[in-house]
Each structure stands twice: as C-alpha cells, then as structure tokens.
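Data first, discussion second: the structure below is written as structure tokens.
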Amino acid sequence: MHAKSKALFQRAQQLIPGGVNSPVRACRSVGTDPLFISHAQGCRLYDADGHALIDYVGSWGPMILGHRHPAVVEALARALDQGTSFGAPTALEVELAQMVVDAVPSVEMIRMVNSGTEATMSAIRLARAVTGRDMIVKFDGCYHGHADSLLVAAGSGVATLAIPGSPGVPQSLVNHTLSIPFNDAAAVEQAMAVHGDHIAALIVEPVAGNMGLVPPRQGFLHLLRRLCDRYGSLLIFDEVMTGFRVAYGGAQALYGIWPDLSCFGKIIGGGLPVGAYGGRRELMEQVAPRGPVYQAGTLSGNPLAMAAGIATLKELAKPGVYESLAQSSQVLISGLDKAAQKAGIIVSTAQVGSMLGLFFTEGPVHSFADAKRSDLKRFSTYYQKMIDSGIYLAPSQFEAIFVSAAHDAHAIAATVAAAESVFALLSP
Ligand code: KE4
C-alpha cells in the first residue's frame with residue numbers, strides 16, 4: 001500500500017530526527033507513518049507509491065491557489081532564468097513589499113525574513129526594544145514558531161506532541177512570557193492590570209489556527225487593542241497563517257483592528273520559504289541598518305520566493321477569489337457537519353473564510369482547554385480512514401483545514417462522501 005513511503009521513512013529516521021524536518025509531519029499523534037510526497041497538482045498530492053490525495057494541508061497554509069498554479073510556476077521559471085540568490089537587493093522584494101503595504105493598512109514598512117518563526121521572533125525583539133520592556137503576553141494554544149520566548153503553552157506541533165514548552169529554553173527567558181487563555185477577556189484584563197506597565201507586547205493569532213480553528217470571540221481583539229493602548233504595550237498580530245488567507249488584508253482587515261506590528265509568512269511566499277514583519281514606519285525604522293535593532297538573514301528577500309509570492313498575491317487580488325474560497329469552504333464544512341450528525345458523531349466545526357476546524361467534542365470551542373476536550377483517539381481513527389479514502393488532512397486535532405482555489409465542487413463532494421463513510425464506521 002505505502003511500500004515506498006515506508007522504505008523512505010526507514011532511511012529518513014537514520015538521518016533526520018524522527019525522520020522529518022518538522023515534528024508534526026511525523027504523524028506520531030495519529031499513530032501512523034508519514035506519506036512521502038512525490039509531486040502535486042491543483043488540489044491533489046501524489047505520494048511516493050502513486051496514491052492521489054485531496055490535500056487539505058496545503059503545505060500548512062501557503063498553497064491557497066492549489067499546487068503548481070500556472071501563474072506561480074511561470075513567475076518562478078522567469079525568476080530562475082535570472083539566478084537563484086544574490087544576497088543583494090532586487091526589484092522583486094520591493095514589489096512584494098509594496099503589495100503587502102498596499103494590502104494591509106497598518107503596515108507602512110516591512111522586512112522580509114525566511115520563516116514565520118523569524119518574523120515573530122524579530123517582531124518581539126523590536127517591541128522589547130521600542131518599549132524598553134521585557135515581558136510579553138501570548139495565549140495558550142497559539143503557536144508563533146519555535147523562538148525560545150514563544151515556546152510556552154504553544155499550539156501546533158508542541159500541543160500535538162504534548163511537549164511542555166521545550167527543554168533547552170531557559171527558565172529565565174520563560175519568566176518573561178505570560179501565557180493566558182485565548183478568548184478570556186477577564187484573564188487578559190487581570191494580567192494587564194498586574195503586569196501591564198512591564199509588558200512590551202501582546203502577540204496573538206487573530207484567528208487561532210494552531211489549536212484547531214478557534215475564531216476570536218466578539219470583542220476580544222478590540223479588547224486587546226484597548227488594553228495595549230492603555231498600558232503602552234504593542235499589539236502584535238501573528239498573521240503568518242491568516243495573512244492573505246482569511247482576507248486579502250488578513251484578519252485585521254476582516255475584524256477592522258490595526259495592530260502595531262504584523263507578522264506574515266506562508267502565502268506571501270507562494271510555497272517558498274518566506275516570512276515578514278511590518279508595521280508603522282516609526283517602529284520599523286528602529287530596525288537595522290536604519291535603526292539599532294539588529295536582525296539579518298542570508299536568504300531574506302530571496303528572488304524565487306519573492307517571485308512566487310508576487311504571483312500568488314496577484315491572483316488573490318483578483319475580484320471574487322475570497323468569496324469563492326469561502327463558498328466552497330462552506331459547502332465542505334456543512335457537508336462534514338451533516339455527515340457527522342447523520343452518523344451520530346459529536347463534532348464542533350468552525351469556519352473563517354477558507355480556514356476550517358472540526359473538533360471531536362461538543363462545542364462551543366473557544367479556547368485551548370475546550371479544544372483539548374476533543375476525543376483524540378476518535379480523531380486518529382478518522383484521520384487514518386480519511387487517508388485510506390484519499391483525503392489528506394493535517395495529522396493533528398490541533399491544526400486547521402485549508403481549502404484552496406483548486407478545490408472544485410467534485411473534490412469537495414468526494415471529501416464529503418468519504419467523510420460520510422468514515423463517520424459511519426466511527427458511529428457509536
Ligand atoms: P514557520 O517558522 O513554521 O514558517 O512559522 C511559524 C508559525 C508562526 N505563526 C503561526 C500562526 C504559524 O501557524 C506558524 C507555523 N504553522 C505551523 C502549522 N500550524 C507550521 C507547520 C510545522 O510546524 O511544520
């Protein structure tokens with residue numbers, strides 16, 4: 001069935017920790033071995049053994065157009081003709097910076113880096129520098145990459161593998177990080193009342209996607225904005241996942257809130273390694289070499305990544321793209337909901353644009369504590385049966401489902417049909 005993947009995984013485990021280059025890919029929490037992917041096209045992946053899989057991971061978010069979109073492939077080919085990396089400024093990085101600044105009103109200036117981790121790590125450093133404060137607030141279950149200060153009560157792979165923070169992160173550093181329940185207005189008000197004058201920044205996924213999908217409760221983001229204003233802390237929106245995903249201007253456009261700093265990644269690189277952080281000019285001009293806050297990167301602004309990002313954003317800027325993404329996502333999530341109900345399986349679902357969530361627990365799911373009530377064993381069986389049915393989901397209850405522009409009605413219908421059979425197997 002998966003002989004080639006198994007053989008590759010055997011070899012990989014001798015050479016790469018856990019046989020993977022990112023923990024969640026190891027599928028440990030769902031009790032299977034990872035599939036090795038040979039190629040992809042549109043909404044499908046093809047594994048090393050030739051199985052076609054309808055892909056709802058989308059490389060964890062970047063592939064919002066689907067795989068090998070012609071415009072992205074063409075742009076990459078053109079860029080490749082010019083070279084792969086110069087370690088010097090190019091017109092492409094200016095063009096992508098302009099596109100992000102034009103799309104996201106709170107961002108007047110932006111610095112390209114190579115991952116979401118670098119983006120959030122740098123935004124935190126900048127916030128600490130401009131406020132002269134050390135403490136930061138994050139939210140339980142939110143994941144902002146693996147920078148030391150942020151690996152506290154994190155989501156995604158940390159939650160999936162139930163790693164408590166991580167060994168190697170000094171307690172002295174963790175002492176500067178306060179992690180409080182997401183969507184808990186009283187908790188954040190209390191934390192700011194006690195520590196507000198020492199808090200450099202609150203960093204939040206404006207729509208949480210690393211504990212499964214958990215949208216902000218009504219007013220929660222506005223409260224964060226008000227509290228930051230009151231205590232002189234910076235509000236950082238980690239839009240690595242939501243940027244250009246939930247709206248062309250990100251979650252901040254959707255909810256009408258302007259953070260002080262924003263982090264991006266994933267989609268703005270069109271599938272190539274990229275990250276970025278940006279915000280008001282007065283803040284960003286503190287970043288070296290314009291200002292004293294040091295941050296650097298050999299491959300930052302890499303021309304291939306810039307070309308893929310520009311081509312992706314150009315497609316996303318076209319009229320009707322987000323409406324169509326939301327529409328097909330709505331068909332999918334309501335189909336999954338109905339299939340579960342028909343089989344008597346209790347699930348709680350959520351949708352923000354083309355980011356979807358399905359928890360095996362009674363709703364509502366407003367926090368990481370709620371999400372952790374999910375039946376992880378049932379999720380594992382669901383995951384395995386869906387893979388066997390040709391549906392590729394994230395191998396963790398604490399991840400989101402991503403729909404792309406390449407998921408046509410046929411693919412969505414096939415997914416719902418597969419879920420109906422799988423839920424029937426799961427039914428009590
Ligand atoms: P990277 O360093 O992985 O590019 O970005 C870190 C990051 C930061 N902020 C948010 C909101 C993120 O979702 C991420 C990374 N997302 C995970 C998936 N939920 C990446 C997958 C992985 O770790 O392999």
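For ligands, and for the atoms within them, numbers begin at 1 and follow the listed sequence.
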I'd like a table of donor-acceptor pairs (distance under 3.5 Å, sequence neighbours excluded) in which one partner is a side-chain atom from residues 237-244, with atom names and distances.
unit_1 : atom_1 : unit_2 : atom_2 : d
Asp238 : OD1    : Val240 : N      : 3.0
Asp238 : OD2    : His144 : ND1    : 2.7
Glu239 : OE1    : Thr242 : OG1    : 2.7
Glu239 : OE1    : Ala251 : N      : 2.7
Glu239 : OE2    : Ala251 : N      : 3.3
Glu239 : OE2    : Gln252 : N      : 3.0
Glu239 : OE2    : Gln252 : NE2    : 3.0

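- Classification of the Phe423-Tyr382 ring pair by plane angle, with boundaries at 30° and 60°, yields parallel.
- In this structure, Lys377 fails the cation-pi test against Phe379, since its NZ or CZ atom is not both closer than 6.0 Å to the six-membered ring centre and inside 45 degrees of the ring normal.
- In this structure, ligand 1 sits under 4.0 Å from heavy atoms belonging to Ser22, Val24, Trp60, Ser115, Gly116, Thr117, Tyr143, His144, Gly145, Ser156, Glu205, Asn210, Asp238, Val240, Met241, Lys266, Glu399.
- In this structure, His146 places its NE2 atom where only 12 or fewer heavy-atom neighbours from other residues, nucleotides or ligands lie under 6.0 Å away.
- Between Glu108 and Glu282, every side-chain heavy-atom pair lies at or beyond the 4.5 Å cut-off.
- Within 6.0 Å of atom CZ in Arg378, more than 12 heavy atoms from other residues, nucleotides or ligands are found, so the atom counts as buried in its surroundings.
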